[in-house]
Number of protein chains: 2
Amino acid sequence: MSERPDESDEVARPYHHGQLREALISVSLQLAEEGGPEAISIREAARRAGVAANAAYRHFEDLNHLRGEVAARARAHLRDAMQAELDARPRRRTEAARAKEQLSAVGRGYIRFALQSPNLFRSAWMECSVPDFEPSAWSLLQEALQECARAGLILQGEQEAAAAAAWSLVHGFAELALRGFFGPAEEQALRALSDKVLALFLPAGRTPSQPVRRRR
Amino acid sequence: MSERPDESDEVARPYHHGQLREALISVSLQLAEEGGPEAISIREAARRAGVAANAAYRHFEDLNHLRGEVAARARAHLRDAMQAELDARPRRRTEAARAKEQLSAVGRGYIRFALQSPNLFRSAWMECSVPDFEPSAWSLLQEALQECARAGLILQGEQEAAAAAAWSLVHGFAELALRGFFGPAEEQALRALSDKVLALFLPAGRTPSQPVRRRR
DNA sequence: AGCCTCATGTTGACGCTGTCCACATTGCAC
DNA sequence: GTGCAATGTGGACAGCGTCAACATGAGGCT
């Protein structure tokens, strides 16, 4: 939560603070956590950092650039959550099952983070009009998809579309769930629903012995 | 575009305007169209409606409530776009093919609208903290899904999950595409990609003679 | 050492915003 | 016609992002 001490101490601030940029970002991240992305404010951040508002402009061109930094931090947290889910996933025997597990763990992590830290999640993808957007978190999903392709769960020609679909599905679910479109946010029910949704996505990769759904 | 004349005329405004609420909403919708959701402003809307800023407060409790109205309008436009795509869809012979076409038309309409009117699309789902959110546009998707279920394309137990997945996929794709995650916004390429993504979603409903993708 | 320069932080101001208050005007019901 | 409730106006306040001018201190140069 707090990496920097010397935030509430009244030991007579040093002349030049020394870590202002870092402090502003971390305080702004806190603001976002508490009140959502639009709670980020240069003046409030400076206030909490114990500094005049305009000092921020020595470190950020713009409010949008500060928001960009915050978004990057939030995305890093998202990535950590996904990685944690990856680390905790059950080990499978076959390559296909392993790949499928990897993909679904990534999706679970993504959605879980969105449900547990909605403000951070929203901040991760907030509009900040500074095209700083190396997707970072997406790379985990990308890797999982490559694993699936390697295991033959995804056809060659479908690879690009499958990637887009996976991103879309996971991101869309998170967004809609946060907005309450899948019923009032009962964490448990949403988790269950998300699992079913993720399971739907890779029917061809179902664990052996269970037939692929089919009609007609 | 413009339903109300008497906006630029200088014929000496009537004493009480008479249609202020409507005028404010439509002007705000225009603001959103031009500059995105966050361009909506009570003062600017009032200005364009030729009225003092505070007059707006006789018709909207709050900026957020105005934004809510705008969002509802935007969603109506979205629904129209989806309906248009539905009306223009090719007619199929079999019930299954028809249902699948219906579902994919709905998805196409949704994504097409997002790509063609990004600002309106964003406005349709913008945060406005007034839980006015009858999803309206979603009902078309819901109907299409029921049709699919009736045609046996969706198993009984999977219905809820399939609905969530369809919503998520379509919405997520629109969001990510607008953010430029699928490459710089070349309308054409994005359309093609979205078609592939949608096709991926209902593999069991593929047009006859084309085998369901499968491995292992 | 001493100076000078540049980075950093401060003060004050401007225009914009949402919103509240008190007041003016008007349409409508009686 | 009178009065009331609805509607529009004007002025004010606090908060915001941002700019320009100024102050302060750290570090390199001689």
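Sequence lines set the chain letters: A, B, ... in the order given, protein chains first and strands last, and positions in each chain run from 1.
In summary, the aromatic rings of B:F173 and B:Y110 are positioned with their centroids too far apart to meet the 6.0 Å limit. Taking the ring centroids of B:W125 and B:W167, they lie at or beyond the 6.0 Å cut-off.
Atom pair A:R43:CZ and C:dT17:C1' shows a separation of 13 Å (rounding to whole Å applied). The nearest whole Å value for the distance from the CD atom in A:E38 to the P atom in D:dG17 is 13 Å. The separation between A:E44 atom CD and D:dG17 atom C1' is 14 Å, rounded to whole Å. To the nearest angstrom, C1' of C:dT10 lies 15 Å from CZ of A:R47. Atom CG in A:L31 sits about 15 Å away from atom C1' in D:dG17, given to the nearest Å. Whole-Å rounding puts the A:L20 CG to C:dT10 P distance at 8 Å. For the pair A:R67 CZ and D:dG17 C1', the computed distance is 12 Å after rounding to whole Å. Distance, A:I42 CD1 to C:dG9 C1': 14 Å, rounded to whole Å.
Counting heavy-atom neighbours within 6.0 Å of B:E34 CD, excluding the residue itself, gives a total above 12.
Minimum atom distance to the side chain of B:A55 is reached by D:dG8, of the listed C:dG18, D:dG17, D:dG8. The side chain of A:Y57 lies closest to D:dT18 when the candidates are C:dT19, C:dT17, D:dT18.
Remark: the A:R21 side chain and the C:dT8 base include no donor-acceptor N/O pair separated by less than 3.5 Å. Judged by distance alone with a 3.5 Å cut-off, no donor-acceptor contact links the side chain of B:N54 to the base of C:dG18. Looking at B:D62, its side chain has no donor and acceptor atom pair within 3.5 Å of the base of C:dT19. For A:N64 against D:dG17, no side-chain N or O and base N or O form a donor-acceptor pair under 3.5 Å.
A sub-4.0 Å separation between OP1 or OP2 of D:dA6 and a side-chain N or O of B:H59 is absent. Contact annotation: B:S41 side-chain N/O to C:dC16 OP1/OP2 distance is not under 4.0 Å. Between A:R58 and D:dT18 there is no side-chain polar atom (N or O) within less than 4.0 angstrom of OP1 or OP2.
With hydrogens and angles disregarded, a donor-acceptor distance shorter than 3.5 Å links the side chain of B:S194 to the backbone of B:R191. Judged by distance alone, with hydrogens and angles left aside, the side-chain atoms of A:S41 form a donor-acceptor pair with the main-chain N or O of A:R43 at under 3.5 Å.
Taking the C1' atoms of five terminal pairs at each end of the helix from C:dA1-D:dT30 to C:dC30-D:dG1, the two resulting helix axes are inclined by 10°, rounded to 10°.
Applying the side chain to side chain donor-acceptor pair (under 3.5 Å) test to A:E38 and every residue at least two apart in sequence or in another chain returns nothing.
Expressed to the nearest 0.5 Å, how far CD1 of A:I25 lies from CZ of A:R21 amounts to 4.5 Å.
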